[in-house]
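So that we are looking at the same thing, I have put the structure below in structure tokens.
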Amino acid sequence: MKDGQEVRRVSTAVIAGVCGLALVAGGGIAWWTANRSQTPADTQSSAPTNAPALSPSPAESPVVIIPVPPPTPVPAPTAQTPNAQTPNAQTPNAQTPNALVPKSSQPKPLPQTDVQTVQVYWVKDASGKFEAVPTKVAVKQADKPDAALQAAFNSLLAGPKDGTVSSEIPKGTKLRGLSVKNDGVYVDLSAEFTSGGGSNSMTGRLGQVIYTATSLQPNTKVWISVEGKPLELLGGEGLEVAQPSTRQSFDKNFPL
């Protein structure tokens, strides 16, 4: 009896265990089946979700690329810039030589106010007699008459440039001094002035000095000295020289 009861208890426990395993296996199969059935749905649902996520990126990528092309406005200003600058650069080049040529080729003349005219007297042989011949000489304008007369005497002592006239003043004669004072003109000559020549030559050279010294004021008086001493006698024949002398006194005493 005990053995029979034990057998029944064992079989009942085995059956209960088998049933439990069956339930567990069935639940596992059901769980696996459920998961398997959901996998394609998930994959299908994930596929469409991923697809729309990828679609905006290509749509957005051209938007980023489109603003890059603006190199097109660059060539337009570069082509216009040289065209505007070229005529501006050529205009002054054409005007520059025109402005420079007259300045370099044509010297600027001195204004008339800067030039003063004085007369230098030469002599000319006319039928055995001397004739006084005035020649105008342009000198620089001076504030004092001394400078103008000094320039006139320098031209006189240098000799004439015209072959039709001559000078009776010996070569080598120098002007030692000249001054213009209230009472007249004072002329001091070197010793060469008294050398050589006859009475006609002495008369001619004396007249040249007196007339040249009075070229600015014809009625002024002239004092003539040689080596600082007043000239009283001129030449070997003793030509007497008045101190002072004037044009009127010379024409009266020594008519040419």
Side-chain angles (χ1 to χ4, degrees), residues 115-142 144-181 183-256:
V115 178
Q116 182 178 4
T117 301
V118 295
Q119 287 184 331
V120 175
Y121 283 82
W122 313 106
V123 292
K124 185 177 182 180
D125 187 4
S127 301
K129 294 184 178 181
F130 289 115
E131 178 182 353
V133 179
T135 301
K136 292 182 178 180
V137 177
V139 297
K140 188 176 180 180
Q141 181 71 32
K144 297 181 179 180
D146 305 53
L149 289 179
Q150 286 178 4
F153 266 88
N154 290 334
S155 179
L156 175 66
L157 299 180
K161 297 180 181 179
D162 186 359
T164 60
V165 295
S166 61
S167 176
E168 291 300 320
I169 299 175
K171 292 182 179 180
T173 301
K174 298 178 180 61
L175 180 66
R176 298 182 70 251
L178 187 148
S179 61
V180 178
K181 298 181 180 181
D183 56 349
V185 179
Y186 290 78
V187 181
D188 187 13
L189 301 172
S190 63
E192 288 83 359
F193 180 74
T194 60
S195 63
S199 59
N200 287 338
S201 177
M202 297 296 175
T203 302
R205 71 184 69 173
L206 183 62
Q208 286 182 263
V209 171
I210 294 174
Y211 270 78
T212 301
T214 58
S215 60
L216 296 179
Q217 296 180 356
N219 295 324
T220 193
K221 299 177 182 180
V222 181
W223 278 263
I224 302 175
S225 300
V226 174
E227 296 294 335
K229 297 180 179 181
L231 180 63
E232 297 178 354
L233 298 175
L234 181 61
E237 298 180 2
L239 188 66
E240 186 177 354
V241 178
Q243 297 287 354
S245 296
T246 62
R247 289 189 179 189
Q248 291 78 14
S249 64
F250 176 81
D251 292 341
K252 181 180 179 180
N253 297 326
F254 311 102
L256 293 177

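One-based numbering along the sequence shown. Everything quoted here is computed from the prediction, not taken from an experiment.
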Tell me which pairs pass ring pair (Phe, Tyr, Trp, His ring centres under 6.0 Å) where either residue lies in residues 212-236, with sequence neighbours left out. Tyr186-Trp223

For Ser167, check side chain to side chain donor-acceptor pair (under 3.5 Å) against everything at least two apart and list the hits. Gln208

Just to verify, what does Glu240 make a side chain to side chain donor-acceptor pair (under 3.5 Å) with, not counting sequence neighbours? none

In Å and rounded to the nearest 0.5 Å, what is the CD to OG distance from Gln243 to Ser249?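 One gets 10.0 Å once the value is rounded to the nearest 0.5 Å.
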
Exercise: identify the closest heavy-atom pair between Val185 and Ala213: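 For Val185 and Ala213, the tightest heavy-atom pair comes out as CG2-O, 3.8 Å.
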
Determine, stepwise, if the pair Leu231 / Thr194 fulfils side chain to side chain contact (heavy atoms under 4.5 Å, CB included). CA-CA 9 Å; Leu231 180 63; Thr194 60; 4.2 Å; yes

Can you list everything that forms a side chain to side chain donor-acceptor pair (under 3.5 Å) with Ser190? Sequence neighbours excluded, please. Glu192

For Pro145, run the side chain to side chain contact (heavy atoms under 4.5 Å, CB included) check against Leu178, Thr220, Leu216 and tell me which one passes. Leu216

Among Thr135, Ile169, Val137, the one residue meeting side chain to side chain contact (heavy atoms under 4.5 Å, CB included) with Leu156: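 Of the listed residues Thr135, Ile169, Val137, the side chain to side chain contact (heavy atoms under 4.5 Å, CB included) partner of Leu156 is Ile169.
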
Output all residues satisfying salt bridge (charged side-chain N to carboxylate O under 4.0 Å, His left out) with Glu232, sequence neighbours left out; order by chain, then residue number.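 Here no residue qualifies.
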
Write out all pairs satisfying salt bridge (charged side-chain N to carboxylate O under 4.0 Å, His left out) with one or both partners inside residues 168-180, taking only residues at least two apart or from two chains. Arg176-Asp188, Arg176-Glu227

Closest non-hydrogen atom pair, Ala138 against Val115: CB-CG1, 3.6 Å

Show the nearest heavy-atom pair for residues Thr212 and Ala152, with the distance to one decimal.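 Looks like CG2-CB, 4.2 Å.
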
Rounded to the nearest 0.5 Å, how far does CZ of Phe250 lie from CZ of Arg247? 11.0 Å

Run the numbers on Ile210 and Ile224 for side chain to side chain contact (heavy atoms under 4.5 Å, CB included), then give the verdict. CA-CA 9 Å; Ile210 294 174; Ile224 302 175; 4.0 Å; yes

To the nearest 0.5 Å, how far apart are CG in Leu234 and CE in Met202? 5.0 Å

Please step through side chain to side chain contact (heavy atoms under 4.5 Å, CB included) for the pair Leu239 and Ser199, ending with a clear verdict. CA-CA 7 Å; Leu239 188 66; Ser199 59; 5.8 Å; no

Out of the candidates Leu206, Val222, Asp251, only one should pair with Tyr211 under the side chain to side chain contact (heavy atoms under 4.5 Å, CB included) rule; please name it. Asp251

Can you name the nearest heavy-atom pair linking Trp122 to Ser166, along with the distance?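 The pair with the smallest heavy-atom distance is CB-O, 3.4 Å.
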
Measuring from atom OG of Ser155 to atom CD of Gln119, what distance do you get when rounded to the nearest 0.5 angstrom? 12.0 Å

Less than 4.5 Å apart, side chain to side chain, heavy atoms only: is that true for Val120 and Ser215?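 No, side chains not in contact.
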
So do Leu175 and Leu189 actually touch side chain to side chain, heavy atoms under 4.5 Å? yes

With the side chain counted from C-beta on, respond yes when Phe193 and Val209 share a heavy-atom pair under 4.5 Å apart, and no when they do not.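 Touching, per the 4.5 Å side-chain cut-off.
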
